[in-house]
Amino acid sequence: MGEQVMAATRVRFAPSPTGYLHIGGARTALFNWLYARHTGGVFVLRIEDTDAARNSLEATEVILSGLRWLGLDWDEGPVSPDAATSGKGDYGPYFQSQRGEIYKRRIAELKDKGLAYEAEGAIKFRMPREPIVIPDLVVGDVRRELTDREALEPDFVIVRSDGQPVFHLVNVIDDLEMKITHVIRGEDHLTNTAKHIALFRAFGVEPPKYAHIPLILNPNGSKMSKRDVGASLQTYVDEGCVPEAVVNYLCLLGWSPKENREKLALADTVKLFDLPQVLRHNARFDLDKLRWLEAEYLRELPEDRFCQLGEQALRKAGVDLTRFSPEYIHAALATCKGKIKRFADLAGYAGFYFAQEIVIPAEAAVEFTPEALARLRKFREALAALPEFKAAAIEAALKAVAVALGVKAGLLVHPTRLAVTGATAGPSLYHLLEVLSKESVLRRIDAVLARG
RNA sequence: GACCCUAUCGUCUAGCGGUUAGGACACUGCCCUUUCACGGCGGUGGCACGGGUUCGAUUCCCGUUAGGGUCGCCA
């Protein structure tokens, strides 16, 4: 009796370098990665750069950096975007542009078997005329009949007249050679899978297991393409999104952890994720829900990481931080944690900390009535007299002035905030005043009092 | 045109023959509060339609409709 060695799961993500990583592609990568990690298998990254004209180093780098940003590490595949460098893993090369010899050998094999033939300079594959059943782990058995056009000519081109093998062929050869056990990909590939199954059989091997996952659609239900809002992963990177939030959101499109769970750590998803629970219907992309998750993750970020990412976001937004100490920047950002919903909002929210001069919008300046300015002057005096410029002391001073004037604290809070930050909303007033320092606060208040 | 997949609040979803059809986002009312945000308590809103099967269908079957995908010498 031969010993049966349990073969490890081998899945792959096989993107074509087009210059951007589609959000749907990112989710396909994620589901593959999740399945590999869930089963203790291997996640392979393969670059399908057959179309030499439109591939480039930069286009491949977009994919590698996108996956890294999401935290999806691959066990086999390229280590650099340069196809000339060898990747990691025993089944390379992992760039299709480097696998020409393998394809040649396999094409010859098909010809030898009489399953492929020349036609007008190209090579065609003899496709079976009978319906093919596609066993799909998500959809179930799909019996694929020939369409009317296919019935006219069931055979299809596998090598172009210029000698280049086409997607269907190389995809199958690579999956075969790389010993892929599960093909997890978008549902747009479902009907073409009949071709792939026929090809596998032509090579004399059983096809891998298939799992076709539903597509991500625009909010209006149309297909999400390059130009659509949110379609490119890069926009999330550029906006300073928290990658964990994006990953969490992507998990929720087309898969459900059940039990009414929405927010879940990747480690939990790895435990829970499995193919049979993948949904069968397409999902529409909901930016609002992504934003909500983002805000949730942002709020829970450890302070150090929040400040680090926040500083990045400020720099990206063009805020000049060179005049400020790391301690000041850290203290300023710390007052924003738990308040902002996304880093893209940070410059607008905390820019006053780093501004030379506070500009007060005309529509807000109407708040500075003579009475308000008089109260502000009183509070300014109280602040000037403070021996220690700390939040608690500032709050006590403000409350005391309010009592003395017989007004609600809010009547002091609002004009002060406006004078010092130029905004009607922002971090806790007492804390932001402390961070700004007495000198800076008094200067800003004086500027308002001076204009009268 | 043909072939394939799908169908629960606006959106993401739970449900797998008997439920007041549950949750989340969004919207909204109230409370909390120095602003904003958070948080707490409510509210609006859904089984696409028509036939079956069944004592009983959101749930099973068929059809219709709608949406999506595919049928390339694109990937």
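Chain A is the first sequence line, chain B the second, and so forth, proteins listed ahead of strands; every chain is numbered from 1.
A distance of 11.0 Å separates CD1 in A:I445 from CD in A:E381, rounded to the nearest 0.5 Å.
Scored by the salt bridge (Lys or Arg N to Asp or Glu O under 4.0 Å) test, A:E118 finds A:K111 as partners (sequence neighbours excluded). Looking at residues two or more places apart in sequence or on another chain, you find a salt bridge (Lys or Arg N to Asp or Glu O under 4.0 Å) between A:E300 and A:K263.
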Give me, pair by pair, the N or O atoms of the protein and of nucleotides 66-73 of chain B that are less than 3.5 Å apart, along with how far apart they are.
residue: B:rG68; atom: O2'; partner: A:N282; partner atom: ND2; Å: 3.0
residue: B:rG69; atom: O2'; partner: A:D188; partner atom: O; Å: 3.4
residue: B:rU70; atom: O4'; partner: A:T191; partner atom: OG1; Å: 3.3
residue: B:rU70; atom: O3'; partner: A:N192; partner atom: OD1; Å: 3.1
residue: B:rU70; atom: O2'; partner: A:T191; partner atom: OG1; Å: 3.0
residue: B:rU70; atom: O2'; partner: A:N192; partner atom: ND2; Å: 3.4
residue: B:rC71; atom: O2'; partner: A:T147; partner atom: OG1; Å: 3.4
residue: B:rC73; atom: O2; partner: A:S161; partner atom: N; Å: 2.8
residue: B:rC73; atom: O2; partner: A:S161; partner atom: OG; Å: 2.8
residue: B:rC73; atom: N3; partner: A:S161; partner atom: OG; Å: 3.2
residue: B:rC73; atom: N4; partner: A:E120; partner atom: O; Å: 3.2

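For the pair A:G230 and A:I23, the tightest heavy-atom approach, listed with the atom from each and the gap, is O-CB, 3.8 Å.
Counting non-hydrogen atoms under 4.0 angstrom, A:G186 reaches nothing in the nucleic acid. Counting non-hydrogen atoms under 4.0 angstrom, A:P427 reaches a base of the nucleic acid.
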Protein proximity profile, nucleotides 44-49 of chain B - base contact B, sugar-phosphate-only contact S, no contact -, cut-off 4.0 Å on heavy atoms: ------

Under 4.0 Å protein heavy-atom contact, by nucleotide of nucleotides 20-29 of chain B - B base, S sugar-phosphate only: --BBBSS---

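Relative to the six-membered ring of A:F31, A:R27 meets both conditions, a distance below 6.0 Å and an angle of at most 45° to the axis. Judged by the 6.0 Å distance and 45° axis criteria, A:R12 is not positioned over the aromatic ring of A:Y91. Cation-pi geometry between A:K195 and A:F156 is met: under 6.0 angstrom from the ring centre, within 45 degrees of the axis.
Heavy atoms from other residues, nucleotides or ligands lying under 6.0 Å from NZ of A:K124 number more than 12. More than 12 heavy atoms of other residues, nucleotides or ligands shown are found within 6.0 angstrom of NZ on A:K438.
Within residues 402-413 of chain A, the residues having any heavy atom closer than 4.0 Å to RNA chain B are, in order of number, A:V413.
When distances run from any side-chain atom of A:H414 to the nucleotides B:rC12, B:rU35, B:rG15, the shortest one goes to B:rU35.
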